[in-house]
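Reading through the structure tokens given below for one structure.
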Amino acid sequence: MKDPATQVSRRGLMKNLIASDRPKRYAMVIDTRRCIGCQACTVACKSEFSVPLGESRSWVESIEKGNFPDVGRNFLPRLCNQCEKPSCVSVCPTGATYKRDEDGVVAIDEEICIGCKYCMHACPYGMRYLHPNTGSVDKCDFCLHRVEQGVAPACVNTCQGYARIFGDINDPSSAVSKMLETNAVSVLRPAMGTEPMVFYIAADSSDERYAERTGVYVRVETNRRQQKRV
Amino acid sequence: MLEIHWGLPVIIYLFLGGLGAGAGVVSASVFLRSHAGDASEGAFDIARWGALIAPIPVIVGVGALVFELGSFAVGDMFRWINLFLTINLSPMSIGSWLLALFVIVSLVYAYTFLGSNSRPGDEHHGLRKKMAWLMVPLGVGVALYTGILLGAMPSRPFWNSPILAMLFLISALSTGVASILLMRCIFGGSSSDAKGVEDSKYLLSSTDMLLISFEVLVVFLFIMYAHLTVGGVEHAIDVVLGGSLTSLFWLGFVVIGLIIPILIELKYVLPRLLKQEHYAMPHAMELAVCMLVIVGGFMLRYVVVIAGQVTGPIGI
């Protein structure tokens with residue numbers, strides 16, 4: 001066990017299992033300090049995919065906290081986390097949702113999806129919705145149709161504050177790799193074990209339970225249909 | 001409150017699928033245990049009723065499921081065929097194949113019992129016995145997989161318990177027994193073999209009593225372990241411990257579906273069990289117990305399916 005050679009080879013094995021056989025590994029870093037909550041990404045995403053009324057692939061939640069005059073307002077942009085261990089993929093009975101070998105993006109084949117909604121339960125982030133026109137489940141796919149042409153995803157392209165940084169982390173010179181190397185980052189709901197590929201800088205985790213615990217006033221606003229964070 | 005993605009069709013399916021599978025398993029195991037029906041006329045009668053019941057609720061339940069599909073809702077009637085063009089380790093995929101096999105096998109099994117002159121050792125005997133051997137594992141599989149399906153997701157803390165599948169299996173067997181008793185109660189004619197009828201009724205009632213007592217234990221374990229953890233699971237179980245589904249769970253399922261039936265059954269089963277007296281449960285009591293157990297089985301599925309969806313992971 002203590003033999004350093006074994007340790008190294010183990011690490012090598014792990015690395016192989018997780019990453020290196022994928023030519024690309026797309027990831028996003030969201031610097032919430034630079035987000036002004038303008039919802040431009042929400043709108044860009046909705047128009048890019050003609051997302052039906054009441055649904056969203058990506059949105060910005062706002063967390064209003066504090067008692068006057070000591071108040072704050074933080075933003076938390078949300079999108080599919082493109083997890084390394086996506087629980088939506090392992091429950092799909094038809095294989096319609098899958099993790100792409102070439103870049104790690106979790107995609108859905110809407111021709112195969114039967115709309116059983118199992119994956120909507122399995123996703124701990126509530127990122128999936130049933131598309132009322134196709135009858136299939138839909139979600140963010142890092143704008144695959146744009147990214148494959150070398151164009152940034154719609155939300156990244158439109159972000160005024162450069163809060164969303166997207167790229168390939170297998171390329172050490174990419175902006176996203178450098179962000180990951182130099183910043184303290186976190187992921188959402190790490191206890192779910194899904195290993196998200198969307199990383200946050202300074203994400204505010206305040207919610208009702210935090211308010212109860214600390215006595216600080218907190219209001220979380222989300223533009224989802226049920227008006228509640230899921 | 002969060003959105004309910006799985007509504008009444010799924011609840012009805014979980015209930016009917018469990019009931020049909022339970023009836024099939026009970027029928028086949030009683031049939032096999034009584035030397036293929038040779039041991040007593042009562043046992044063959046139980047097996048016959050169970051076999052005739054089994055496929056119907058399962059087929060109706062699966063039919064209801066189709067109405068929950070997004071593809072069906074947009075008018076694509078047959079996209080669900082995609083389920084049967086592949087097989088993977090998703091509990092739903094394995095469950096679909098199990099269901100398909102169960103429906104076929106249970107239909108053949110029921111066919112061998114059709115006809116009022118079916119009796120042990122008639123011309124369908126060999127086929128009936130083969131099908132009975134298949135019915136037991138397939139029925140247990142169908143009853144079990146629904147709980148595994150719900151339990152497979154950390155994102156649904158109320159469902160994410162290994163004992164949920166056990167609860168569903170026991171409830172399925174118990175409602176299966178109740179459905180056989182109920183059918184015999186309503187349609188069973190008088191038999192010349194009074195001893196055989198008493199024995200078979202006693203067998204069913206005491207089995208049901210045993211199953212319900214296990215169910216009470218499993219419910220206790222389910223609630224206790226969830227309540228003893230901290231975090232998402234404890235938060236989720238609060239929905240039946242003071243939350244919005246409390247009265248439905250404790251009155252609708254525990255009292256109506258478990259406590260009252262087991263008390264009635266104890267009253268009539270214990271004299272024979274302990275003192276070898278005659279077993280004679282009044283007709284009305286028999287009817288009441290069966291209906292209560294069946295209503296309780298529905299309530300269990302209802303509460304579990306809704307509770308899993310109105311609760312979720314905590315924190316962000």
Side-chain angles (χ1 to χ4, degrees), chain A residues 61 63 76 78 87-98 109-126 128-138 186 188-194 200 203-210 220 224-230, chain B residues 1-7 9-10 65-97 145 148-160 231-233 235 305 308-316:
Chain A
E61 289 170 359
I63 302 122
L76 192 68
R78 302 286 304 271
S87 52
C88 52
V89 169
S90 58
V91 301
C92 180
T94 58
T97 189
Y98 59 101
D109 188 330
E110 65 175 40
E111 303 282 305
I112 296 176
C113 173
I114 60 171
C116 70
K117 298 178 265 189
Y118 197 2
C119 56
M120 291 166 65
H121 290 300
C123 175
Y125 306 101
R128 294 173 161 251
Y129 68 94
L130 189 73
H131 198 294
N133 301 341
T134 61
S136 303
V137 171
D138 192 35
S186 64
L188 300 184
R189 289 184 177 147
M192 289 293 140
T194 49
Y200 289 83
D204 188 356
S205 65
S206 312
D207 57 5
E208 309 87 40
R209 291 168 70 84
Y210 168 87
V220 177
R224 306 212 69 203
R225 188 172 48 203
Q226 62 263 50
Q227 298 294 306
K228 194 174 167 175
R229 186 189 267 165
V230 274
Chain B
M1 190 152 119
L2 306 177
E3 266 176 311
I4 306 289
H5 299 312
W6 281 346
V10 171
L65 266 189
V66 176
F67 288 96
E68 190 61 272
L69 292 180
S71 55
F72 192 81
V74 296
D76 199 341
M77 306 279 207
F78 296 105
R79 214 194 293 167
W80 57 265
I81 296 282
N82 286 344
L83 277 175
F84 297 102
L85 301 181
T86 179
I87 184 163
N88 57 36
L89 282 179
S90 158
M92 196 183 279
S93 176
I94 292 170
S96 315
W97 284 100
Y145 101 86
I148 299 174
L149 187 151
L150 295 186
M153 301 170 288
S155 54
R156 290 277 178 249
F158 190 93
W159 293 342
N160 192 14
V233 180
H235 185 67
V305 169
Q309 299 181 70
V310 296
T311 55
I314 52 169
I316 188 72

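Chain identifiers are assigned alphabetically (A, B, ...) following the order of the sequence lines, protein sequences preceding nucleic acid strands; residue numbering begins at 1 within each chain. Side-chain atoms are counted along with the backbone in the values below, which use heavy atoms only and exclude waters and symmetry mates. Not measured: the values here are computed from a predicted model.
Residue B:F67 places its CZ atom among 12 or fewer non-hydrogen atoms of other residues, nucleotides or ligands, all under 6.0 Å distant. Within 6.0 Å of CG on B:L89 lie no more than 12 heavy atoms contributed by other residues, nucleotides or ligands.
A:C92 touches chain B through its backbone: at least one of N, CA, C or O sits under 4.5 Å from a heavy atom, while the side chain does not. Neither the backbone nor the side chain of A:P190 comes within contact range of chain B; no heavy atoms are under 4.5 Å apart. The part of A:E110 that comes within reach of chain B is its backbone (N, CA, C, O), which places non-hydrogen atoms under 4.5 angstrom from that chain. Looking at A:S206, there are no atoms closer than 4.5 Å to chain B (heavy atoms on both sides), in backbone or side chain. Both the backbone and the side chain of B:I314 come within contact range of chain A, with heavy atoms under 4.5 Å apart. Using a 4.5 Å cut-off between heavy atoms, B:L149 touches chain A through backbone and side chain atoms alike. The part of A:E111 that comes within reach of chain B is its backbone (N, CA, C, O), which places non-hydrogen atoms under 4.5 angstrom from that chain. With a threshold of 4.5 angstrom between heavy atoms, A:R189 approaches chain B through its backbone and through its side chain.
Annotation: the span from B:F72 atom CZ to A:C116 atom SG amounts to 15.5 Å, rounded to 0.5 Å. Separation of atoms CE (B:M153) and OG (A:S90) is listed at 10.0 Å; rounding is to 0.5 Å. Once rounded to the nearest 0.5 Å, the distance linking CG of A:L130 with OG of B:S71 reads 9.0 Å. In this structure, A:S136 OG and B:L69 CG are separated by 11.0 Å, a value rounded to the nearest 0.5 Å. Note that CZ of A:R128 and NE2 of B:H5 are 11.5 Å apart. Values are rounded to the nearest 0.5 Å.
The nearest pair of heavy atoms linking A:I114 to B:N82 is CG2-CB, 4.0 Å. Closest approach of A:T94 to B:T86, counting heavy atoms only: O-CG2, 3.7 Å. Residues B:I316 and A:R78 share a closest heavy-atom pair of CD1-NH1, 3.4 Å. A pairwise comparison of heavy atoms in A:P124 and B:P313 identifies O-CG, 3.7 Å as the closest pair. Between B:P91 and A:Y118 the shortest heavy-atom distance is CG-OH, 3.5 Å.
Using cut-offs of 30° and 60° on the angle between ring planes, the pair B:W159 and A:H121 is perpendicular.
Scored by the salt bridge (charged side-chain N to carboxylate O under 4.0 Å, His left out) test, A:D109 finds no partners at all (sequence neighbours excluded). Taking A:Y210 as the reference, nothing meets the side-chain hydrogen bond (donor to acceptor under 3.5 Å, both in side chains) condition, with sequence neighbours excluded.
In terms of non-hydrogen atom pairs under 4.5 Å with chain A, the most contact-rich of B:M92, B:E68, B:H235 is B:M92. The residue among A:V91, A:L76, A:V89 with the most heavy atom pairs within less than 4.5 Å of chain B is A:V91.
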